[in-house]
Amino acid sequence: MNDSDFDPTSFDNALRQRHAAAVTHVSTHTQVQLRNRLAASATASRHVIRHRMAWAAATACAALFALVVGFELRPRPAPAPSPATVVADDSQGEANPAYASLDENPDLYLWLASNDAVALASE
């Protein structure tokens, strides 16, 4: 028999007839077992779907947790210096004498830490 003599329709019809004849000879006990197994597989598939949804939810929570930890551990930018520590420049690029005098005279900072400054501030 070569490939040109093969007819897929007649082959399919012959297999369908044999299947129908085999189904008519299956015992009642075997049919009950097949129905029970079919019902069990349907229940198992619902169980699998529930587990897949649980795994998807667990994966989403783990990803969210990883993002939170990543954002908490990322390097923070250095805070901007306070205006008292910044030396103000005028238009020529030279230091402003008002701020420069604060850098040159440490007695001001000693006075701020003294009891006189606290008493003056509390009045």
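For reference, positions follow the sequence shown, starting with 1. Values below: every heavy atom of this structure, side chains too, minus hydrogens, waters and symmetry copies.
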Student: To the nearest 0.5 Å, what is the distance between CD on Gln33 and NE2 on His29?
Tutor: 4.0 Å

Student: Quickly, which of Asp7, Asn13, Asp12 forms a side chain to side chain contact (heavy atoms under 4.5 Å, CB included) with Ser10? Name it, please.
Tutor: Asp7

Student: Rounded to the nearest 0.5 Å, what separates atom OG1 in Thr43 from atom CG in Leu38?
Tutor: 9.5 Å

Student: Under the side chain to side chain contact (heavy atoms under 4.5 Å, CB included) test against Leu34, which residue among Val32, Asn36, Thr30 passes?
Tutor: Thr30

Student: Can you give the donor-acceptor pairs under 3.5 Å from side chains of residues 68-78 to other protein atoms, not counting sequence neighbours?
Tutor:
none

